[in-house]
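We number each residue from 1, following the sequence as shown.
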Amino acid sequence: MSYVYKTKGTCSSQIEVELDGDIVKDVKFTGGCNGNLKAIPRLVEGMTVDEVERRIGGIQCGMKGTSCGDQLAKALREAYNAQNA
């Protein structure tokens with residue numbers, strides 16, 4: 001299942017995710033820090049939604065109260081919930 005998530009409070013503006021059940025198959029960020037946002041998708045590919053949430057959910061970037069990793073965790077949970085609704 002493909003899903004587009006509009007980010008809130010980060011330099012990236014959206015995240016496209018693809019899930020196979022609860023497994024992360026693909027992640028693409030639009031905008032943001034190019035190097036970091038190429039690395040994060042490679043690191044989370046093959047993980048479950050729960051594992052991504054556990055590892056990078058809640059990470060903050062400066063004083064923003066969120067980060068691209070945190071937004072990815074939120075995007076994956078939203079996508080997972082949408083596919084199971």
Side-chain angles (χ1 to χ4, degrees):
M1 173 205 179
S2 284
Y3 191 82
V4 176
Y5 178 84
K6 300 291 184 185
T7 60
K8 298 155 193 78
T10 60
C11 298
S12 62
S13 59
Q14 77 177 25
I15 307 170
E16 296 173 59
V17 299
E18 185 176 339
L19 295 177
D20 182 7
D22 70 338
I23 305 296
V24 179
K25 290 297 180 186
D26 193 35
V27 174
K28 291 185 180 107
F29 286 87
T30 300
C33 304
N34 189 40
N36 289 335
L37 300 181
K38 285 181 182 173
I40 292 172
R42 290 184 186 184
L43 293 171
V44 302
E45 185 178 312
M47 286 185 183
T48 65
V49 171
D50 287 340
E51 183 70 5
V52 174
E53 285 179 318
R54 186 180 71 74
R55 290 178 179 249
I56 64 176
I59 292 175
Q60 294 186 19
C61 182
M63 303 299 287
K64 294 178 180 180
T66 191
S67 66
C68 290
D70 182 53
Q71 289 292 294
L72 175 58
K74 291 176 188 326
L76 292 170
R77 177 53 61 190
E78 196 173 285
Y80 180 76
N81 290 342
Q83 83 177 357
N84 293 308

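- The backbone N or O of G31 lies less than 3.5 Å from no partner atom in the side chain of S13, so there is not a single donor-acceptor pair.
- Residues passing the side-chain contact (heavy atoms from CB on, under 4.5 Å) test with I23, sequence neighbours excluded: K25, T48.
- Contact detail for G57 and A73: the closest heavy-atom pair is CA-CB, 3.8 Å.
- Using a 4.0 Å cut-off between a side-chain N of Lys or Arg and a carboxylate O of Asp or Glu, E51 and R55 qualify as a salt bridge.
- When atom types are taken as modelled, the side chain of E16 and the backbone of S2 share no donor-acceptor pair closer than 3.5 angstrom.
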- Message: Please evaluate residues R54 and D50 with respect to the criterion salt bridge (charged side-chain N to carboxylate O under 4.0 Å, His left out), reporting the C-alpha separation (whole Å), side-chain torsions for both, the decisive distance (0.1 Å), and the verdict.
- Response: CA-CA 6 Å; R54 186 180 71 74; D50 287 340; over 6 Å; no
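- Put simply, the side chain of T66 never gets that close to the backbone of Q60: no donor and acceptor are under 3.5 Å apart.
- Within the 4.5 Å cutoff, the side chain of C61 has no heavy atoms near those of the Q71 side chain.
- The hydrophobic cluster around L76 extends to M1, Y3, Y5, I15, V17, L19, V24, V27, F29, L37, I40, V44, M47, V49, V52, I56, I59, L72, Y80, counting ILVMFWY residues whose side-chain heavy atoms fall within less than 4.5 Å of a member.
- Summarising the geometry, atom CG belonging to D70 is positioned 11.0 Å from atom NZ belonging to K8; distances are rounded to the nearest 0.5 Å.
- Shown here is K6, whose NZ atom has no more than 12 heavy atoms of other residues, nucleotides or ligands within 6.0 Å.
- Residues satisfying the side-chain contact (heavy atoms from CB on, under 4.5 Å) criterion with D26, sequence neighbours excluded, are E18, K28.
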